[in-house]
Amino acid sequence: MFGKKKKGAVLENVLVMFVELVIVCAFMVIIFGAFSGISDKWGMRQAAREYLLIMETEGYLKPADEAALKAELEGYGLYNISFAGSTTSEVKYGQRIYLCIEGTYDDNILSFAGAVSKYTAHPGTVTIRRQSTAKQ
């Protein structure tokens, strides 16, 4: 009497699978949105490291390198970029060189307002400070 259950209809199974698919897709959108900001900031730090190595061999941050670094950082979404505090004049072998980058980055955060969700930009300051010695 209680032992036998009726097989679910095909429509019920398809509906359950569709709901699960929507939930998984929504979860993936949230996860990839969170990791995009981390990836951008990682790329900014890698660009700073690359240009610090160039500064080690040149002895300072040349204007052409500064413009190229600025363009690369803008590609990652950084704006209002300042290089104040960076070594911009040639130093002697063994002296300290500094690369100071400061700018604004918009973190896109998924926010929920009632039943509607949307990405909102939250501008934050990104500061990257690196130092090394001149090896030219």
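We use all heavy atoms of the structure for the numbers below, so side chains are in, but hydrogens, waters and symmetry mates are not.
- Between Asp106 and Tyr79, the shortest heavy-atom distance links the atoms OD1-OH, 3.0 Å.
- Apart from Ile128 itself, the hydrophobic cluster it occupies contains Met44, Tyr51, Leu52, Ile54, Met55, Leu61, Leu69, Leu73, Tyr76, Leu78, Ile81, Phe83, Val91, Ile97, Leu99, Ile101, Tyr105, Val126, where clustering links Ile, Leu, Val, Met, Phe, Trp and Tyr at side-chain heavy-atom distances under 4.5 Å.
- Pairs of residues two or more places apart, or lying in two chains, that qualify as salt bridge (charged side-chain N to carboxylate O under 4.0 Å, His left out) and include a residue from residues 127-136 are Glu56-Lys135.
- Without hydrogens or angle criteria, Ser86 side chain to Cys100 main chain gives a donor-acceptor distance under 3.5 Å.
- Between the CG atom in Leu15 and the CD atom in Glu12 there is a gap of 8.5 Å [rounded to 0.5 Å].
- Annotation: salt bridge (charged side-chain N to carboxylate O under 4.0 Å, His left out) contacts involving residues 66-90, sequence neighbours excluded, are absent.
- Among pairs with a residue in residues 35-47, those fulfilling salt bridge (charged side-chain N to carboxylate O under 4.0 Å, His left out) read Lys41-Asp107, at least two apart in sequence or across chains.
- Through direct or indirect side-chain contacts shorter than 4.5 Å among Ile, Leu, Val, Met, Phe, Trp and Tyr, Tyr98 is connected to no other residue.
- If you chain together ILVMFWY residues whose side-chain heavy atoms come under 4.5 Å of each other, Trp42 ends up in a group of its own.
- In this structure, CZ in Arg49 is found 10.5 Å from OG in Ser132, a value given to the nearest 0.5 Å.
- Counting all heavy atoms, side chain and backbone alike, Gln95 lies closest to Lys92 at OE1-N, 3.0 Å.
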